[in-house]
Amino acid sequence: MDGETAEEQGSPAPPPVPGGRLEPKKYAVTDDYQLSKQVLGLGVNGKVLECFHRSTGQKCAMKLLYDSPKARQEVEHHWQASGGPHIVRILDVYENMHHGRRCLLIIMECMEGGELFRRIQERGRIQERGDQAFTEREAAGIMRDIGTAIQFLHSQNIAHRDVKPENLLYTSKEGDAVLKLTDFGFAKETTQNALRTPCYTPYYVAPEVLGPEKYDKSCDMWSLGVIMYILLCGFPPFYSNTGQAISPGMKRRIRLGQYGFPNPEWSEVSEDAKQLIRLLLKTDPTERLTITEFMNHPWINQLMVVPQTPLHTARVLQEDRDHWDEVKEEMTSALATMRVDYDQVKIKDLKTSNNRLLNKRRKKQAGGSSASQGCSNQ
Ligand code: I85
């Protein structure tokens, strides 16, 4: 399950250069693509439609975004990530007017295998016929693939911040399908302001200014913990029992890290796996594993020693299928809460640290040295 090679044949020309500058095509997308009425899904910033490349016939997915700074950010971040391992690839970007509004159109490779957990759930149906159960080692392989995507993003200083089941899609329905991450609608650059617009010598920059970048990335690590938990048992570690997407009780349990590994689903799962989950679901984001630590964990980097224990996952997903939409909504709300909470921590930190720097500068200026003027830390 390590290919992002073979499936890439026949992409519409000219192939965009990943890492190169993004220059959206200004002529009509319909010159190159035949749009179909088939809606593949609704994203954070816009809907996704099926389409076909006119000259090659290749089936693709088109995301329609109304132009806004947020939409531009999504396109930029996705473009920067496109070509990375286990990331849904962008084939083309257009900028068109539609009913008097400027639109951005992202043409992506079509992920015809559907969502990650749907595929596992289907095995719960098939399993009744005596097929192979979903195993702990397979779960580890999936976690390594998702981790590879996150590692790439974090190395590019991008936090995805919306890693959740419905954004993990398979390239095809075949056995050799590749799992990939999509939707960069909440992605954020984590490069520190302090380093991009240095108004002072970095030697004495306050640690709080450098520190907060951790929170955005740690959001992705929490997601990895939740996805890994569900992969191993079929239900989430935290859930609302009121029918609300996120209840006060659920929020409290997340904050306090109250979850368990109940039997019978967890009785045969390895201690290594449980330990890894505990490190990912740490309530304090600064204590959570980083992506490098995660990728170096033996459960991830030594797949061959992960036991091939059959799991309850496929059966539980199949039996609880009527609750799956709620599970997805709950994770969506939990991530939204987390992004807001972490942003607030950041604002607080930046305020206090800026004051300290300002004070430092005032002192310096009073002493006669000239500090740089008009630097903004935005
Ligand atoms: N192909 N979150 C849930 C989909 N190919 N999908 C979502 N944000 C996006 C939809 C709503 C993800 O950015 C989304 C985005 C992009 C896609 C996307 C990209 C490329 C697809 C929102 C399919 C598909 C195609 C054929 C068959 C099947 C699925 O969704 C299935 F297997 F399900 F039948």
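FYI, side chains are in, hydrogens and waters are out, and symmetry mates aren't considered; it's all heavy atoms of this structure. Along the sequence shown, residues carry numbers from 1. Read the numbers this way: they start at 1 and go in the same order the structure lists the ligands and their atoms.
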Does Leu65 form a side chain to side chain contact (heavy atoms under 4.5 Å, CB included) with Leu105? I'd like the steps, not just the answer. CA-CA 6 Å; Leu65 305 168; Leu105 305 139; over 6 Å; no
Do side-chain atoms of Arg321 reach the backbone of Gln318 as a donor and acceptor pair under 3.5 angstrom? yes
Lys180 backbone acceptor or donor facing Asp145 side chain under 3.5 Å: no
Could you go through the side chain to side chain contact (heavy atoms under 4.5 Å, CB included) check for Leu224 and Ile146 one step at a time? CA-CA 8 Å; Leu224 284 181; Ile146 306 170; 3.6 Å; yes
Using modelled atom types only, decide if a donor and an acceptor are shared between the side chain of Asp220 and the backbone of Ala159 within a distance under 3.5 Å. no
Per-pair distances, ligand 1 N/O vs protein N/O, less than 3.5 Å:
{"residue": "ligand 1", "atom": "1 (N)", "partner": "Met111", "partner atom": "O", "Å": "3.0"}
{"residue": "ligand 1", "atom": "2 (N)", "partner": "Glu166", "partner atom": "O", "Å": "3.1"}
{"residue": "ligand 1", "atom": "2 (N)", "partner": "Asn167", "partner atom": "OD1", "Å": "2.9"}
{"residue": "ligand 1", "atom": "5 (N)", "partner": "Met111", "partner atom": "N", "Å": "2.9"}
{"residue": "ligand 1", "atom": "8 (N)", "partner": "Asp183", "partner atom": "OD2", "Å": "2.7"}
{"residue": "ligand 1", "atom": "13 (O)", "partner": "Lys63", "partner atom": "NZ", "Å": "2.8"}

Pairs where residues 277-297 contributes a residue and the test ring-ring contact (aromatic ring centres under 6.0 Å, His included) is met, not counting sequence neighbours: none
